**Q** 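This is the structure I want to talk about, given as structure tokens.
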Amino acid sequence: QVQLVESGGGLVQAGGSLRLSCVASERTFSDYTVGWFRQAPGKEREFVAALRWNSESAYLGESVKGRFSTSRDNVKKTSYLQMNRLKPEDTAVYFCAAARYSGRYLRPIDYHYWGQGTQVTVSS
């Protein structure tokens, strides 16, 4: 069982930046595709970003391209979501998720393990 713990959320003004972190309990973190999703009240969980386990290419959702980026440090077993030029519509609970040896990354069902989420609130 892989445990994921997100941190770094908070309240920020529009135009500001935040960096979220997701620390995994799994030693072989490099074997896992790691994704970031967000969910606003009354809305479905939305894909934000992902890094596949066997690729250095990052995948980003359309609504965050050009503003967000994702990276990982396999030694630290940590994934990061850097969020710049934040907008009020970015307000949501942000989750990281992981799936071992997975080539799929776009849908919540593609992931086996989830963190508890961290709240991001962007004020206008």
Side-chain angles (χ1 to χ4, degrees):
Q1 185 77 6
V2 178
Q3 293 183 333
L4 303 171
V5 179
E6 302 100 333
S7 62
L11 174 64
V12 63
Q13 287 188 333
S17 298
L18 282 174
R19 188 176 80 157
L20 305 183
S21 299
C22 172
V23 180
S25 63
E26 177 60 40
R27 283 191 307 166
T28 56
F29 185 62
S30 59
D31 293 344
Y32 288 78
T33 288
V34 180
W36 287 91
F37 290 78
R38 65 186 183 187
Q39 190 164 19
K43 294 189 176 181
E44 293 187 352
R45 196 162 291 193
E46 177 190 10
F47 171 76
V48 176
L51 278 170
R52 290 194 299 180
W53 70 280
N54 59 348
S55 171
E56 295 183 356
S57 298
Y59 303 92
L60 297 169
E62 286 298 322
S63 61
V64 304
K65 280 183 180 177
R67 300 187 298 122
F68 291 14
S69 62
T70 187
S71 61
R72 64 195 294 167
D73 184 330
N74 289 329
V75 173
K76 294 183 178 180
K77 300 180 292 182
T78 302
S79 174
Y80 302 99
L81 181 68
Q82 178 66 45
M83 305 184 295
N84 299 325
R85 303 204 304 276
L86 283 159
K87 305 175 181 180
E89 50 263 45
D90 294 320
T91 295
V93 177
Y94 283 70
F95 299 90
C96 68
R100 195 174 189 186
Y101 299 138
S102 177
R104 300 177 180 179
Y105 57 89
L106 277 174
R107 305 171 303 165
I109 199 173
D110 295 330
Y111 295 86
H112 305 135
Y113 306 103
W114 289 83
Q116 82 289 349
T118 185
Q119 177 70 46
V120 171
T121 303
V122 184
S123 62
S124 57

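A quick note: this is a predicted structure, and the numbers were derived from the prediction, not measured.
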**Q** Looking at Phe95 and Gly115, what are the two nearest heavy atoms and their distance?
**A** CD2-O, 3.6 Å
**Q** We want to know whether Tyr113 and Arg100 form a side-chain donor-acceptor pair, criterion being a heavy-atom distance below 3.5 angstrom.
**A**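 Short answer, no.
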**Q** Verify whether the ring centers belonging to Phe37 and Phe47 lie closer than 6.0 Å.
**A**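 Yes; Phe47 has its ring centre under 6.0 Å from that of Phe37.
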**Q** Would you name the heavy atoms of Ala14 and Pro88 that are closest together and state the gap between them?
**A**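 So the minimum-distance heavy-atom pair works out to CB-CD, 4.1 Å.
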**Q** With a 4.5 Å heavy-atom cut-off, do Ser17 and Gln82 have their side chains touching?
**A** yes
**Q** Please report the shortest heavy-atom distance between Tyr32 and Thr28, naming the atom on each side.
**A** CD1-O, 3.3 Å
**Q** If I compare all heavy atoms of Lys77 with all of Glu26, which pair ends up nearest, and what's the gap?
**A** CD-O, 3.0 Å
**Q** Could you check whether any side-chain heavy atom of Thr70 comes within less than 4.5 Å of a side-chain heavy atom of Ser79, counting everything from C-beta outward?
**A**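 The answer is yes, as the side chains (C-beta and beyond) meet within the 4.5 Å cut-off.
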**Q** What is the distance from atom OG of Ser123 to atom CD of Gln13, rounded to the nearest 0.5 Å?
**A**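 Here the rounded value is 5.0 Å.
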**Q** Are any non-hydrogen side-chain atoms of Arg67 and Asp90 less than 4.5 angstrom apart?
**A** yes
**Q** Write down the atom of Val93, the atom of Gly117, and the distance for their closest heavy-atom approach.
**A**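 Residues Val93 and Gly117, closest heavy atoms: CG1-CA, 3.8 Å.
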**Q** So, using salt bridge (charged side-chain N to carboxylate O under 4.0 Å, His left out) as the criterion, who are the partners of Glu56 when residues are at least two apart?
**A** none
**Q** What do the steps show when you test Glu44 against Gln39 for side chain to side chain contact (heavy atoms under 4.5 Å, CB included), and what is the final call?
**A** CA-CA 6 Å; Glu44 293 187 352; Gln39 190 164 19; 5.5 Å; no
**Q** Taking Thr118 for the side chain and Gly9 for the main chain, is one N or O donor matched with an acceptor at less than 3.5 Å?
**A** yes
**Q** Quick one: pull up OG in Ser21 and CG in Asp73 and give me the separation to the nearest 0.5 Å.
**A**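 Going from the OG atom of Ser21 to the CG atom of Asp73 covers 10.5 Å.
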**Q** Taking the six-membered ring of Trp53 as reference, does the NZ or CZ atom of Arg72 fall below 6.0 Å from its centre and within a 45° cone about the axis?
**A**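 Verdict for Trp53: no cation-pi partner in Arg72.
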**Q** Side-chain atoms of residues 103-111: list all donor-acceptor pairs with protein atoms under 3.5 Å, sequence neighbours left out, distances to 0.1 Å.
**A**
unit_1 : atom_1 : unit_2 : atom_2 : d
Arg107 : NE     : Asp110 : OD1    : 3.3
Arg107 : NH2    : Asp110 : OD1    : 2.9
Asp110 : OD2    : Leu106 : N      : 3.4
Asp110 : OD2    : Arg107 : N      : 3.0
Tyr111 : OH     : Tyr105 : O      : 2.7

**Q** Less than 4.5 Å apart, side chain to side chain, heavy atoms only: is that true for Ser63 and Arg38?
**A** yes
**Q** Before giving the answer on side chain to side chain contact (heavy atoms under 4.5 Å, CB included), spell out for Arg52 and Tyr59 the whole-Å C-alpha distance, their side-chain angles and the decisive distance to 0.1 Å.
**A** CA-CA 9 Å; Arg52 290 194 299 180; Tyr59 303 92; 3.0 Å; yes
**Q** Please report the interatomic distance CG(Asp31) to OG(Ser102), rounded to the nearest 0.5 Å.
**A**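 Here the rounded value is 12.0 Å.
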**Q** Within a reach of under 6.0 Å around CD of Gln119, are more than 12 heavy atoms found that belong to other residues, nucleotides or ligands?
**A**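 Atom CD in Gln119 is crowded, with more than 12 foreign heavy atoms closer than 6.0 Å.
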**Q** Members other than Val64 in its cluster, when Ile, Leu, Val, Met, Phe, Trp, Tyr link by side-chain heavy atoms under 4.5 Å?
**A**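 Besides Val64, the hydrophobic cluster comprises Val12, Leu18, Leu20, Trp36, Val48, Leu60, Phe68, Leu81, Met83, Leu86, Tyr94, Val120, Val122, listed by chain and residue number.
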